[in-house]
Number of protein chains: 2
Amino acid sequence: MDLINIYECLCDRTRLRIVNLLQQGPLCVCHLQAVLGEPQVKVSKHLGYLKNHGMVSVSREGNWRIYRIAAKPTPALTANLACLQDCATENPIFQRDLARLRKLDLTCAPVAAKRGSTKRCC
Amino acid sequence: MDLINIYECLCDRTRLRIVNLLQQGPLCVCHLQAVLGEPQVKVSKHLGYLKNHGMVSVSREGNWRIYRIAAKPTPALTANLACLQDCATENPIFQRDLARLRKLDLTCAPVAAKRGSTKRCC
DNA sequence: GACCTATATTCCTTCGATCGCATACAGGTT
DNA sequence: AACCTGTATGCGATCGAAGGAATATAGGTC
């Protein structure tokens, strides 16, 4: 990922919130949806955008897609993600999102998937 | 300047190159034009964009407008500009721009304006 | 196989960003 | 005042991005 690509990924509010959340670790789409409070189609499209531009990757876990920050970030990406994480501590929206994330029942996917047996995720 | 604003300013190649150049110090429009090799209207508009979004400020020096990075950057801006400068060292386009900048006759504006007497800038 | 859940995709609309041309404007020079 | 230089702005065209509704897909459960 080169610089322009990175900034293009981060210049949308929804994507920025997604990346902020993914910095805490992998998440399935419905958890992101729940935290963001945005419609499924919107979240899915922005995740697709981030994936196509190399900022995140996906894996499958039964019915869920687990998104995470790209495994081999370029130096520029590493630097910018670190910078973002720094800046996020001062940002009320980001902090609210992180608080919501903590309140979610994370025994859901992908953890629950490993246990089998959960019918519904979110 | 909040994060989104910063990323919006930086997500265009021309603006990114401008900001990279301005990190070296104030510059007049025609110098930017010369280094970037872009039409006047394009440079001027992107400078206007950066100004309206609070990333740069302008001053007048005779016939020239001198642009510089905003005087009182927010913490987020400071962090991102530092990050950008780091990343710029690995970027061939940025390095080429900086090389071109060094080759310019900087006895022009605003230096020349202080001396008076120069008819043409670029 | 019928149905549910999680997610992606298609189609369409809307909106904003970028660009170039032409022109305006402001200060300096003659 | 006429003219030049440096820079901004208005207008119109184009292009892509974002959003939503509806639909498709794929795996799981009964």
Side-chain angles (χ1 to χ4, degrees), chain A residues 4-5 7-18 26-53 56-67 104 108-122, chain B residues 4-5 7-18 26-53 56-67 104 108-122:
Chain A
I4 297 275
N5 252 284
Y7 292 130
E8 280 173 348
C9 282
L10 300 180
C11 75
D12 175 274
R13 192 169 301 270
T14 305
R15 286 198 293 269
L16 202 45
R17 291 172 70 196
I18 289 175
L27 284 171
C28 67
V29 179
C30 60
H31 277 143
L32 287 168
Q33 230 178 292
V35 171
L36 298 175
E38 298 281 3
Q40 182 262 324
V41 88
K42 187 170 175 179
V43 175
S44 180
K45 276 184 184 172
H46 281 300
L47 284 169
Y49 183 103
L50 292 172
K51 185 184 59 147
N52 288 336
H53 288 74
V56 306
S57 63
V58 208
S59 62
R60 193 154 206 159
E61 191 95 44
N63 228 342
W64 299 289
R65 313 289 171 105
I66 314 294
Y67 282 87
L104 279 188
C108 176
V111 178
K114 299 230 163 96
R115 285 190 331 224
S117 90
T118 39
K119 276 180 71 176
R120 302 201 48 179
C121 179
C122 300
Chain B
I4 296 276
N5 252 283
Y7 292 130
E8 281 174 348
C9 282
L10 300 181
C11 75
D12 175 274
R13 192 169 300 268
T14 305
R15 286 198 292 270
L16 201 46
R17 291 171 70 194
I18 290 174
L27 284 172
C28 66
V29 179
C30 60
H31 277 142
L32 287 167
Q33 230 178 291
V35 171
L36 298 175
E38 298 280 2
Q40 182 263 324
V41 89
K42 187 169 176 180
V43 175
S44 179
K45 276 185 182 169
H46 281 298
L47 284 168
Y49 183 103
L50 291 172
K51 185 184 61 150
N52 288 337
H53 289 73
V56 306
S57 63
V58 208
S59 62
R60 191 153 207 157
E61 190 95 42
N63 228 344
W64 300 289
R65 312 289 170 104
I66 314 293
Y67 283 86
L104 280 187
C108 175
V111 179
K114 298 230 162 92
R115 288 191 326 227
S117 88
T118 39
K119 279 178 71 178
R120 303 200 50 180
C121 179
C122 300

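A, B, ... follow the sequence lines: proteins, then strands. Residue 1 opens every chain.
Here dA26(D) presents its P atom at 19 Å from CD of E61(A), a figure rounded to the nearest Å. Taking atom CG of N52(A) as the reference point, atom C1' of dT9(C) lies 12 Å away to the nearest angstrom. Distance CD (E38(B)) to P (dT7(D)): 16 Å, rounded to an integer number of Å. Atom pair W64(A):CH2 and dG28(D):P shows a separation of 10 Å (rounding to whole Å applied). Computed from coordinates, the L47(B) CG to dT18(C) C1' distance equals 15 Å when rounded to whole Å. For the pair D12(A) CG and dG16(D) P, the interatomic distance rounds to 18 Å; values are reported in whole Å. Atom-to-atom, CZ of R60(B) to C1' of dG27(C) comes out at 7 Å; the value is rounded to the nearest Å. Taking atom CG of residue L32(A) and atom C1' of nucleotide dT7(C), one finds them 12 Å apart after rounding to whole Å.
Distance alone, capped at 3.5 Å, places no donor-acceptor pair between the R17(A) side chain and the L32(A) backbone. Checking side-chain atoms of R15(A) against main-chain N and O of C9(A) turns up a donor-acceptor pair under 3.5 Å.
Between dT18(C), dT7(D), dA18(D), one nucleotide has an atom nearer to the side chain of Y49(B) than all others, and that is dT18(C). Here the side chain of K45(B) is nearest to one of dT7(D), dT7(C), dC11(D), namely dC11(D). The side chain of S44(A) lies closest to dT7(C) when the candidates are dT7(D), dT7(C), dA6(C). Distance from the side chain of K42(A) is smallest for dG19(D) among the nucleotides dG19(D), dC21(C), dG27(D). Between dA26(D), dT18(C), dA8(C), one nucleotide has an atom nearer to the side chain of N63(A) than all others, and that is dA26(D). Side-chain proximity of V41(A) to the nucleotides dA8(C), dT9(C), dT7(D) is greatest for dT9(C). Residue R65(B) places its side chain closer to dT7(D) than to any other of dA6(C), dT7(D), dG20(D).
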Go through it in stages, so that I can follow the logic: the residues are R60(A) and R65(A), the test is side-chain contact (heavy atoms from CB on, under 4.5 Å), and I'd like the CA-CA distance, side-chain angles, deciding distance and then a yes or no. CA-CA 5 Å; R60(A) 193 154 206 159; R65(A) 313 289 171 105; 2.9 Å; yes
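Listed pair R13(B) / dT18(C) fails the phosphate criterion, with no side-chain N or O lying under 4.0 Å from OP1 or OP2. Contact annotation: Y67(B) reaches the phosphate of dA8(D) (side-chain N/O to OP1 or OP2, under 4.0 Å). Contact annotation: H46(A) side-chain N/O to dG19(D) OP1/OP2 distance is under 4.0 Å.
Donor-acceptor pairing under 3.5 Å, judged by distance alone, is absent between the side chain of Q40(A) and the base of dA6(C).
Scanning all heavy atoms of the two residues, the minimum distance from V56(B) to L47(B) falls at CG2-O, 4.1 Å. Taking all atoms of both residues into account, the shortest heavy-atom contact from D12(A) to H46(A) is OD1-CE1, 3.4 Å.
DNA chain D is contacted by both V43(B) and C11(A); V43(B) maps to the nucleotide lying nearer its 5′ end (nearest heavy atom per residue).
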